[in-house]
Amino acid sequence: MPQDRPLKGKTAIVTGSNSGIGLGVARALALQGADVVLNSFTDSADDHALAAGLAQETGAEVRYVKADMSKPEECRALVEQSGECHVLVNNAGIQHVAAVEKFPVEKWDAIVAINMSSAFHTTAAALPMMRRSGWGRVVNIASAHGLTASPYKSAYVAAKHGVVGLTKVIALETAREPITCNAVCPGYALTPIVEKQIPDQMETHGMRRDEVIEKVMLERQPSKEFVTVEQIGGTVAFLCSPAADQITGTTISVDGGWTAL
Ligand code: NAD
């Protein structure tokens, strides 16, 4: 097996991967030689063009498959229809910020479904495939909020803590097999959704871009630097490498020191 393409012949499914961290992880795995399934709940020409572009850029086989991670049957179908799944990255996620007593019930249900329950459904569908092929990696993109809390993020923090708990259970259930399950816990990452908030925050706070980033967005991130999608992708690729064969049931923080505070 060529060392520069260690995941050649493996199939990786990355949920919620038509932007941001998911796309960064998909790119990192494709560059390692994996065939990649991109996913989101939309089915636009842009989604399919993204897959074609990533295939051209990396030389990997890249497909886009629509599946709504808020729906259990679509979570399972995404995996089952992919035919093979060696690497499963549960990344799809949404956020809503409100005090508990004002938190809309439908937002709570959607966040728990997309950020947590989807990982249960996709993993349940993927494990038999991993067992058949004799090798598997489940990587859950949790968050610093899977380990610590912030006010007004009840659903997100609960769901991300739930994902960390699920990670440990899957690791124990697969401990005697060549399958691992871990959670990556990013701090504030510079994704398009975060980038788009900067001009509004500059206006709201009357601050320069660098002030908004350091004093508002990265208030709790001691490094005062955003995490990049490449750093998160590289961490997932490491968890798929032989060096990580005995790493299972744990969390890896990529958060500039947030959880050391
Ligand atoms: P993003 O909004 O760019 O990505 C979210 C992805 O999930 C998108 O591809 C979106 O299409 C997809 N998605 C949303 N609802 C879906 C659904 N119902 N079905 C399928 N796909 C769906 O945001 P991101 O920052 O890249 O976040 C990716 C993951 O990383 C999330 O789980 C998020 O909680 C986590 N995370 C992000 C940060 C950060 O600062 N950006 C920090 C820690 C953890």
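Side-chain atoms are counted along with the backbone in the values below, which use heavy atoms only and exclude waters and symmetry mates. Just so you know, ligand 1 is whichever comes first in the structure, and atom 1 is the first atom listed for that ligand. In what follows, residues are counted from 1 in the order of the sequence shown.
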- Task: Return the option from Asn39, Ile232, Thr191 holding the heavy atom at the smallest distance from atom 25 (O) of ligand 1.
- Result: Thr191
- Does ligand 1 have a heavy atom under 4.0 Å from the side chain of Lys160, from its backbone, from both, or from neither? side chain
- Message: Determine whether a donor-acceptor pair (N or O, by modelled atom type, separation under 3.5 Å) exists between the side chain of Arg220 and the backbone of Leu261.
- Response: no
- Item | Thr42, portion touching ligand 1 at heavy-atom distance under 4.0 Å | neither
- Ala67 to ligand 1, any heavy atom closer than 4.0 Å: yes
- Query: Between Ser143, Ala159, Ala189, which one has a non-hydrogen atom sitting closest to atom 40 (O) of ligand 1?
  - Reply: Ala189
- Item | Cation-pi geometry met for Arg137 and Phe238 (6.0 Å, 45°) | no
- Query: Between Asn18 and ligand 1, which residue portion shows a heavy-atom distance shorter than 4.0 Å: side chain, backbone, both, or neither?
  - Reply: both
- Task: Ignoring hydrogens, just give me the one of Ser40, Ala119, Ser19, Gly20 whose non-hydrogen atom is nearest atom 1 (P) of ligand 1.
- Result: Ser19
- Between Tyr156 and His96, does the ring centre distance come in under 6.0 Å? no
- Proximity to ligand 1 by part of Ser17, non-hydrogen separation under 4.0 Å: backbone
- Query: atom 31 (C) of ligand 1: which of Asp47, Ile141, Asn91, Asp68 has the nearest heavy atom?
  - Reply: Asn91
- Item | Per-residue contact class, Ala142 against ligand 1 - non-hydrogen pairs under 4.0 Å | backbone
- Message: Between Ser82 (side chain only) and Glu84 (backbone N and O only), is there a donor and an acceptor less than 3.5 Å apart?
- Response: no
- Item | Proximity winner for atom 26 (O) of ligand 1, if only heavy atoms of Val194, Ile21, Val229 are counted | Ile21
